[in-house]
Structure formats: C-alpha cells, structure tokens
A.B. asks: 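One structure, as structure tokens, below. Some questions next.
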Amino acid sequence: MLHFVVVGILVLVVSALTYFGLDAAHLLPIPASAQAGEIDWMWNLQLIAMSFLFSLIVVPMFYSLIVFRRKKGDTTDAQHIEGNTRLELAWSAIPLFVVVFFAYLGAGNLADTIRPSQNAMVVKVRGLQWDWKFEYPEYGIATTELYLPVDKAIVLKMESTDVIHSFWVPEFRVKQDLVPGRVTELHITPNRLGDYKVRCAELCGTSHYSMEENVKVVDNEKFSVWVAEQQEIAAQREATPEGRGQKIYESFCNSCHSIDGSIIVGPSWFNLFGSTVELEEGAPVTADEAFLIESIRDPKAKIVRGFASQNMPAFTFTDEEVENIVAYIKTLR
Ligand code: CUA
C-alpha cells in the first residue's frame with residue numbers, strides 16, 4: 001500500500017513539473033484573435049492531460065526499475081500474475097470516457113470557431129503558386145498585403161487558382177485549405193494590433209516555402225486611411241492602359257515574372273520590350289508587341305532559352321487585357 005501512496009504522490013509531482021515545463025517553453029506564439037482564446041484553452045487542457053499520462057507511465061516504470069530490482073544473490077523467479085479483470089476494465093473504460101469527453105469539448109470548440117458572425121467584413125483571398133492576393137469587395141480594392149481592422153469580425157472567402165494551398169496565420173490559430181474549384185471560408189476576429197505573416201501550410205510546389213505575405217492588424221482610423229489610399233491608387237491605375245496592365249500584373253503575373261531583372265520563375269519583364277531574346281529553338285527574336293502577345297496567348301510557341309522546364313498556366317485574358325499588359329511591359333526599363 002505504501003508503494004501506491006508514494007507512486008501516486010510522485011505521479012502528481014512529475015505531472016505538475018512536466019506541465020509547467022511545457023508551459024514555460026511557450027509552444028504557441030502570442031494569441032491575436034478572438035478565436036485563439038478557445039483554442040488555447042483547449043490546448044492547455046490537452047497539455048495537462050498529456051503531462052498526467054506521461055507521468056502515469058514513466059513514474060511507475062522507473063519506480064519499479066529502482067525499488068523492485070533483483071536483489072544481489074536472489075535467483076528465484078518473480079511472482080506469476082495471471083491477469084486482472086477489474087484493472088483491465090478500468091484501463092479500457094476510463095480512457096474511452098476521457099477521449100469521448102475531449103471529442104465533445106473539441107466539437108463545441110470547432111463549432112464556435114467556424115460560426116459565422118453578423119455583419120462580418122468580407123475579404124476575398126486567392127492563393128496561387130506562390131503568392132497571396134486579397135480583394136475587399138466592399139471597398140473595390142485589390143491588394144498584395146492583408147490589412148485588417150482590429151476587433152472587427154472578418155470572413156475570408158478563399159479560392160485557389162491552381163493547387164491546394166492553406167491559409168495560416170499562427171497568431172490567429174485557425175487554419176483553412178484553399179481548394180481549386182471551391183470557395184472555403186475562414187472566420188477571424190483579430191483582437192491585437194501588430195504585424196503578422198500569413199504562410200501557406202500545404203506543400204504546393206517548389207516555392208511553397210516562400211509563399212508568405214504581410215498581415216497587418218491596425219486600428220479603425222489607420223484602416224480607413226489605408227483604404228482611401230488604395231482606392232486612390234486603384235482609380236489612378238484605371239485611367240491608363242499601362243496602369244490597368246500593372247493591376248493585371250500584380251494580380252496574376254508577379255509571382256513568376258519580376259520587374260527588376262531578377263528571375264523568380266519565368267523571364268523578367270525588366271528591359272524586355274525591344275530586347276533580343278534567345279530561344280530554346282531557332283534564331284533569336286526581338287521582343288516586340290507580336291512576340292509578347294504570342295507569348296501571353298501561347299506560352300509554348302516560342303520558349304525563351306533556359307525556361308523550357310517552366311509551365312506557365314493558361315490565362316484567359318481578353319484582347320484588351322493583353323494590350324494593357326504589353327503597354328505595362330513597355331514602361332519597364
Ligand atoms: Cu501554397 Cu504551399
């Protein structure tokens with residue numbers, strides 16, 4: 001009986017030490033959304049359960065190894081034990097009950113996190129290899145950074161252009177896949193000002209690791225100023241063909257084509273117009289309007305040397321959009 005009391009006390013002590021040790025390691029980043037509260041509460045409960053189970057196994061094991069080790073000169077067999085129905089029933093029933101209880105808590109927790117809130121602000125999110133794009137239908141703006149007003153319910157309506165991506169800002173805790181051909185939703189109420197990063201949490205190709213973008217949670221005043229700025233920029237762009245072309249570039253092209261001469265995936269657009277381009281097959285060509293239009297419409301027609309292994313997706317741009325893109329490329333020098 002004394003052994004049980006000692007082991008019981010040791011289990012409790014080691015449980016507490018394990019829990020406080022894990023807690024002190026700060027395994028989670030700071031919480032920055034209303035949804036984080038519930039998730040962190042659940043996480044904490046699991047940490048306590050894990051610490052206890054860990055001790056429940058490890059403490060009796062080491063206690064037995066040390067206290068009941070074979071004494072010097074003792075060559076007798078150990079006592080033979082033939083099963084214990086009560087113990088076996090207990091260690092089947094109790095974990096079953098605990099697991100079902102956790103599932104019940106988890107289901108409630110999940111329901112709370114995905115519950116739509118009244119008058120949430122809609123932000124459309126598009127994931128593509130390998131970048132994020134954001135649109136604010138209420139304000140008629142499209143951006144590459146995600147600005148969110150603090151303490152406002154947000155619903156992200158997310159689509160993918162190509163493969164499966166996953167929207168994840170660790171500080172917001174919640175995470176959701178973007179699946180081609182579907183619109184998935186994610187509910188977030190940011191409640192802490194600061195700069196965060198959205199990263200892609202689904203392996204989506206060679207540059208998956210670099211698929212991240214800034215997320216800024218700002219106060220309402222700053223948000224309004226930012227929206228006004230973005231609307232101003234959008235209005236100016238709409239006024240000229242090259243401006244409209246730049247908008248298309250930022251929505252579709254900039255994850256593969258740079259405008260500063262560097263190579264992301266495809267050829268850079270910097271100093272492209274009018275230059276001489278070496279091809280994989282045949283004589284070099286001049287990058288004139290006809291060549292650029294053909295390359296946008298049918299990327300495989302003339303492949304620039306060194307880019308044979310890259311696959312440009314088939315975009316369905318209108319003639320006017322293609323002209324706008326070419327007009328924009330002409331300005332890049
Ligand atoms: Cu997108 Cu990984």
Side-chain angles (χ1 to χ4, degrees), residues 1-115 166-177 188 191-192 194 196-197 199-203 208-209:
M1 192 62 204
L2 181 67
H3 289 307
F4 282 107
V5 174
V6 173
V7 167
I9 292 168
L10 281 175
V11 165
L12 291 179
V13 170
V14 174
S15 298
L17 288 176
T18 310
Y19 170 70
F20 289 120
L22 287 172
D23 194 48
H26 295 295
L27 300 169
L28 294 178
I30 48 154
S33 77
Q35 286 75 13
E38 300 202 39
I39 291 171
D40 288 8
W41 175 82
M42 188 82 195
W43 164 260
N44 198 45
L45 203 64
Q46 304 235 22
L47 267 193
I48 294 172
M50 281 188 278
S51 306
F52 175 70
L53 285 175
F54 172 79
S55 311
L56 195 63
I57 294 165
V58 169
V59 170
M61 186 177 80
F62 278 100
Y63 187 84
S64 308
L65 280 175
I66 294 161
V67 177
F68 302 120
R69 70 185 182 283
R70 189 199 288 266
K71 303 281 179 311
K72 229 181 175 167
D74 179 3
T75 52
T76 58
D77 278 348
Q79 189 190 343
H80 191 72
I81 299 170
E82 192 55 70
N84 185 326
T85 311
R86 253 198 256 162
L87 184 65
E88 284 165 23
L89 281 175
W91 77 36
S92 302
I94 295 171
L96 182 69
F97 174 78
V98 171
V99 168
V100 171
F101 179 63
F102 265 96
Y104 169 76
L105 290 179
N109 204 300
L110 180 65
D112 286 342
T113 1
I114 62 174
R115 182 171 301 132
S166 184
F167 183 100
W168 186 39
V169 178
E171 290 83 357
F172 294 161
R173 299 295 190 267
V174 286
K175 186 200 266 178
Q176 174 64 51
D177 278 7
I188 298 168
N191 61 3
R192 189 190 176 106
Y196 309 101
K197 269 211 154 79
R199 54 208 74 201
C200 177
E202 182 72 51
L203 186 60
H208 156 72
Y209 70 92

A.B. asks: Working to the nearest 0.5 angstrom, can you tell me the gap between Met50 CE and Leu22 CG?
C.D. replies: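 If we round to the nearest 0.5 Å, Met50:CE and Leu22:CG are 7.5 Å apart.
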
A.B. asks: Would you name the heavy atoms of Arg70 and Thr75 that are closest together and state the gap between them?
C.D. replies: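 Shortest heavy-atom separation between Arg70 and Thr75 comes out as NH1-CA, 3.8 Å.
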
A.B. asks: Nearest 0.5 Å, what's the CG-CG distance between Asp40 and Leu45?
C.D. replies: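 That separation rounds to 12.5 Å.
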
A.B. asks: Hey, could you give me the OG1/CD distance between Thr113 and Glu38, rounded to the nearest 0.5 Å?
C.D. replies: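 If I round to the nearest 0.5 Å, the distance is 6.0 Å.
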
A.B. asks: Just how far is it from atom CD of Glu171 to atom CG of Asn191, taken to the nearest 0.5 Å?
C.D. replies: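 Rounded to the nearest 0.5 Å, the CD-CG separation comes out at 12.0 Å.
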
A.B. asks: What pair of heavy atoms forms the shortest contact from Trp41 to Asn109, and how long is it?
C.D. replies: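 Looks like CE3-ND2, 4.4 Å.
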
A.B. asks: Is a donor on one side and an acceptor on the other found under 3.5 Å between the side chain of Asp177 and the backbone of Ser166?
C.D. replies: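 Side chain of Asp177 to backbone of Ser166, a donor-acceptor pair under 3.5 Å: no, none is there.
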
A.B. asks: Answer whether the closest heavy-atom distance between the side chains of Phe62 and Val14 falls below 4.5 Å.
C.D. replies: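 Sidechains of Val14 and Phe62: no contact.
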
A.B. asks: Taking all non-hydrogen atoms of both residues, which atom of Arg173 and which atom of Pro29 are closest, and how far apart?
C.D. replies: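 Where Arg173 meets Pro29 most closely, the heavy atoms are NH2-O, 2.7 Å.
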
A.B. asks: Let me confirm one number: the CH2-CG distance from Trp43 to Leu27, rounded to the nearest 0.5 Å.
C.D. replies: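 Output value for this atom pair is 5.5 Å.
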
A.B. asks: Please tell me whether Ser55 and Ser15 have a donor and an acceptor in their side chains that are separated by less than 3.5 angstrom.
C.D. replies: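 Yes - a donor-acceptor pair under 3.5 Å links their side chains.
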
A.B. asks: Looking at every non-hydrogen atom in both residues, tell me the closest pair between Gly83 and Glu88 and how far apart they are.
C.D. replies: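 Taking every non-hydrogen atom into account, CA-OE2, 4.0 Å.
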
A.B. asks: Any side-chain heavy-atom pair from Tyr19 and Asn44 closer than 4.5 angstrom?
C.D. replies: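 SC-SC contact between Tyr19 and Asn44 confirmed.
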
A.B. asks: Determine the minimum heavy-atom distance between Phe102 and Gln46, stating which atoms define it.
C.D. replies: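 Nearest pair, atom of Phe102 first, then Gln46: CE2-CG, 3.9 Å.
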
A.B. asks: Take a 6.0 Å sphere around CZ of Phe97 and say whether it holds more than 12 heavy atoms from other residues, nucleotides or ligands.
C.D. replies: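 Counting neighbours around CZ of Phe97, 12 or fewer heavy atoms of other residues, nucleotides or ligands fall under 6.0 Å, so no.
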
A.B. asks: Should Asp112 and Arg115 be marked as a side-chain contact (heavy atoms from CB on, under 4.5 Å) after you check the CA-CA gap, both sets of side-chain angles, and the distance that decides it?
C.D. replies: CA-CA 5 Å; Asp112 286 342; Arg115 182 171 301 132; 3.0 Å; yes

A.B. asks: Could you give the distance from CG (Leu17) to CZ (Phe54), rounded to the nearest 0.5 Å?
C.D. replies: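 Atom-to-atom, Leu17:CG and Phe54:CZ are 11.0 Å apart.
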
A.B. asks: Closest approach of Tyr63 and His3, non-hydrogen atoms and distance?
C.D. replies: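 That would be OH-ND1, 2.8 Å.
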
A.B. asks: Between Thr18 and Phe52, is the side-chain contact (heavy atoms from CB on, under 4.5 Å) condition met? List the steps.
C.D. replies: CA-CA 8 Å; Thr18 310; Phe52 175 70; over 6 Å; no

